[in-house]
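Just below is one structure, and these are the notes that go with it.
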Amino acid sequence: MSLHLYNTLTRQKEAFKPIHEGFVGIYVCGPTVYSDSHVGHGKSYVSFDIVVRYLRYLGYKVLYVQNITDVGHLLDDGEDRMLRQARIEKLHPMQIAETILRSYFEDMDAMGLVRPDISPRASGHITEQIELVKALLDKGYAYEVNGSVYFDVRKYADYGKLSGRTVEEMLEGTRVEVRSEKKNPQDFALWKRAEPEHIMRWPSPWGEGFPGWHVECSAMSMKYLGEQFDIHGGGLDNQFPHHECEIAQSECATGRPFANYWIHNNLVTVNGQKMSKSIGNQITLKDAFKKFDPLVVRLFILQSHYRSTLDFSDEALLGAKSGLEKLLNTVRNLRTEAAKARGESRAAAAAIDLESYRSRFLAAMDDDFNTPQATAVLFDLSREVNALLSLETKFSAASLEAIDALLEDLGGRVLGIVPEGSHAGLRADMKLEADLVQLLVDLRAEVRAQKLWPLSDRIRDGLKKLGIVLEDKKDGTVWRKG
RNA sequence: GGCGCCGUACCCAAGUGGCAAGGGAGAGGUCUGCAAAACCUUUAUGCGGCGGUUCGAAUCCGCCCGGCGCCUCCA
């Protein structure tokens, strides 16, 4: 089995074959930075984080580009999204962009996402976008009207190939078009004339203006990944019109295919309904993190497939929370036991068929990144490890470390939910905390030896309130943060 | 109206022709001073409904019911 992924362009799973052997160029539509990220962004970017991580795990050298939209994204009424937010907050649009960008990375970092290799900003690539528009005008795919430039969808026969529609079909469902500058209602803006009050404006061959939303992704993806590249990703809701327009612009400008594989993640719902601006049911990641650890949110997302919708509820998140604890408990106990084993000479090897777990895991991931099945494999392994650890047998350090290495490899490197084993970097204040807890644990051990249960329980209950969980095992008490 | 998706246990969620993964919750048990954790057993003869194809269907086909998405800002 090799990696197969579902390509929206062909509507089927295809074997993945990169343009250049050993190298993958991937572009993912990033956020428009005007307000804090919500859980939907979380699902989307966690999904592509997995794609990137897995490709790297398979040995590909991956160049991961994800744009930052800070201009050109217009609302219904034609006002720029960034400008409107700036007006509401009485700040410069670039202040908003900067603040939200930091907030975005903060949230993504918290969930353990690998950062994109390049995060190009639309406002920083105006020149490239103008060049693209010029090329389209030169080739006759676009036309200028009153300082604005539009793409003429009638000139591009393949328009609609991604989303599976035709221009004729679209005409039927079209609402009343307000702006009459366009030749056809489906034509979309490549460059817009800036009205006098428009702050974000740049000089161009057609006068002062700003780029259309779709142009940035074409210009920036091709700048960093080449005219034709491997994978383009984004949310299902951007399939049309955004990605359709990207394809039209790019392929017409260069005369060659744009992205080979299109990957779209499905959306997050709340009570069965899409989380969206207009419905007003969005849950920001920062709010979610107040209730649940970011890694819980991450596991929750991974426990459903990226092409399925995911219904967000506290009850479901609580399930993921317990699941993560179970998995991390196993890892913790395994490492504790391995550490003990290192000081002793133990002969018994923990007989677990690690290769079978690895191959089951890889088979799941190869099948269009089936993370629900992959995580199920980890839970199966977790159960077998727990069973072994509860036996009287003392296993050798080497065999325990081999299990830990696999868990770290699959659960850590690929899925990003198992922390690295080396806790070498304990901070000074954490060290103090650990020492204090250990002191209490030792005192309690003496109290327990004297069977002073009420006092013993007071210590345990008191620590519990402070978020420290004590577990009395056969050979001593262990503690962890709950 | 056009195009498309989904409906699997109490909750979340895999599975697209061959005995229904996994997580959570529940029940019983083992261990334990108690608790926690863990382990074992258990929880859908059943996959929205009705037909059809097939030796065999959650999986393929048809119809019906219910929910949702895109066509307009959205990840």
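Between A:Asn386 and B:C39 there is a side-chain N or O to OP1 or OP2 distance below 4.0 Å. At the phosphate of B:A14, OP1 or OP2 sits under 4.0 Å from a side-chain N or O atom of A:Ser308.
Within the nucleic acid shown, A:Trp213 comes within 4.0 Å of sugar-phosphate atoms alone, with no base atom in reach, counting heavy atoms only. Heavy atoms of A:Asp472 sit under 4.0 angstrom from at least one base atom. Residue contacts shown for A:Arg307 are absent, as no nucleic acid heavy atom lies under 4.0 Å away. Looking at heavy-atom distances under 4.0 Å, A:His38 makes contact with a base. Counting any heavy atom pair closer than 4.0 Å across all strands shown, A:Val268 reaches a base atom. A:Arg444 comes within 4.0 angstrom of a nucleotide base, judged by non-hydrogen atoms across all strands. The residue A:Gly272 sits close only to the backbone: its heavy atoms come under 4.0 Å of sugar-phosphate atoms, none of a base. Base contact: A:Lys274 has a heavy atom under 4.0 Å from a base atom.
Comparing the P positions of B:G66 and B:G29 gives a spacing of 46 Å, expressed to the nearest Å. The C1' atoms of B:A36 and B:C73 are separated by 49 Å, rounded to the nearest whole Å. B:A21 and B:G4 have their P atoms separated by 33 Å, given to the nearest Å. Nucleotides B:C60 and B:C10 are separated by 31 Å at their C1' atoms, to the nearest Å. Taking atom P on both nucleotides, B:U16 is separated from B:U53 by 25 Å, rounded to a whole Å. Distance noted for atom P between B:A14 and B:C55: 33 Å (whole Å). Atom name C1', nucleotides B:A9 and B:U45: the rounded distance is 14 Å, in whole Å. B:A20 and B:A35 have their P atoms separated by 37 Å, given to the nearest Å.
Between A:Leu388 and the options A:Leu334, A:Leu400, A:Ile352, a side-chain contact (heavy atoms from CB on, under 4.5 Å) holds for only A:Ile352.
Under the Watson-Crick and G-U wobble criteria, each requiring two contacts below 3.5 Å, nucleotide B:G69 is paired to B:C3. Nucleotide B:A13 forms a pair with no other nucleotide shown, judged by Watson-Crick or G-U wobble geometry with both contacts under 3.5 Å. Remark: B:C39 base-pairs with B:G29. Criterion, Watson-Crick or G-U wobble with two distances under 3.5 Å. In this structure, B:C19 makes no Watson-Crick or G-U wobble pair, since no nucleotide meets both defining distances under 3.5 angstrom. Using the Watson-Crick or G-U wobble rule with both distances under 3.5 Å, B:C60 pairs with B:G52. In this structure B:C47 sits in no base pair that meets the Watson-Crick or G-U test at under 3.5 Å. Across all strands shown, B:C34 forms no Watson-Crick or G-U wobble pair with both key distances under 3.5 Å.
You'll find the ring centres of A:Phe312 and A:Phe300 inside the 6.0 Å limit. For A:His4 and A:Phe16, the distance between ring centers is not under 6.0 angstrom. Taking the six-membered ring wherever Trp is involved, the centroid distance between the rings of A:Phe210 and A:His198 falls below 6.0 Å.
Side-chain proximity of A:Phe379 to B:A14, B:C70, B:G22: nearest is B:G22. The side chain of A:Ala376 lies closest to B:A21, out of B:A21, B:G15, B:A75. Of all nucleotides listed (B:C34, B:A37, B:A13), B:C34 comes nearest to the side chain of A:Arg448. Checked against B:A75, B:C73, B:C39, the side chain of A:Ser390 finds its nearest nucleotide in B:C39. Side-chain proximity of A:Asp457 to B:A75, B:G33, B:G2: nearest is B:G33. Closest to the side chain of A:Asp237, from the set B:A14, B:G22, B:A75, is B:A75. Here the side chain of A:Asn329 is nearest to one of B:G22, B:A38, B:A36, namely B:A38. Proximity note for A:Glu471 (side chain, C-beta onward) versus B:C39, B:A36, B:G69: the nearest is B:A36. Checking B:G22, B:A14, B:C12 against the side-chain heavy atoms of A:Phe300 singles out B:C12 as nearest. You'll find that the side chain of A:Arg480 is closest to B:A37, out of B:A75, B:A37, B:A13.
A:Asp475 places its CG atom 13 Å from the C1' atom of B:A38, with the value rounded to the nearest Å. Taking atom CG of A:Leu236 as the reference point, atom C1' of B:C71 lies 13 Å away to the nearest angstrom. Between A:Leu455 atom CG and B:C34 atom P there is a gap of 18 Å when expressed in whole angstrom units. With rounding to whole Å, A:Asp461 atom CG is found 10 Å from B:C34 atom C1'. What separates CG of A:Leu334 from P of B:A38 is a distance of 14 Å, to the nearest Å. Summarising the geometry, the separation between CG on A:Leu295 and C1' on B:G23 is reported as 16 Å, rounded to the nearest angstrom.
In this structure, A:Lys290 pairs ionically with A:Asp287, as a charged nitrogen and a carboxylate oxygen lie closer than 4.0 Å. Using a 4.0 Å cut-off between charged nitrogen and carboxylate oxygen, A:Glu325 and A:Arg480 do not count as a salt-bridge pair.
Figure legend: cation-pi geometry between A:Arg413 and A:Tyr57 absent, as NZ or CZ is not positioned both under 6.0 Å from the six-membered ring centre and within 45° of its axis.
In this structure, A:Trp453 counts as stacked on the base of B:G33 under the 5.5 Å centre distance and 30° plane angle limits.
Residue A:Arg383 places no side-chain atom within donor-acceptor reach of the base of B:C39, judged by atom type and a 3.5 Å distance cut-off alone. Side-chain to base pairing of A:Asn266 with B:C5: no donor and acceptor N or O lie closer than 3.5 Å to each other. Not a single donor-acceptor contact under 3.5 angstrom links the side-chain atoms of A:Asp311 to the base of B:G67.
Residues A:His125 and A:Tyr224 have side chains that bring a donor and an acceptor to within less than 3.5 angstrom of each other.
Nucleotides of RNA chain B nearest to A:Pro31 and A:Asn370 differ in position, and the one nearer the 5' end is that of A:Asn370. Map A:Lys473 and A:Asp380 each onto its nearest nucleotide of RNA chain B; the residue landing nearer the 5' end is A:Asp380.
Atom CG of A:Asp353 has more than 12 neighbouring heavy atoms from other residues, nucleotides or ligands inside a 6.0 Å radius.
Proximity of A:Val65 to A:Asp117: side-chain heavy atoms (C-beta onward) are nowhere separated by under 4.5 Å.
Listed by residue number, A:Glu315, A:Ala316, A:Gly319, A:Ser322, A:Gly323, A:Lys326 are the residues of residues 315-328 of chain A with a heavy-atom contact under 4.0 Å to RNA chain B.
Within the structure, the salt bridge (charged side-chain N to carboxylate O under 4.0 Å, His left out) test picks out no pair touching residues 2-12 of chain A (sequence neighbours left out).
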Take A:Val268 and A:His38, measure what side-chain contact (heavy atoms from CB on, under 4.5 Å) needs, and give me the verdict at the end. CA-CA 10 Å; A:Val268 169; A:His38 52 69; over 6 Å; no
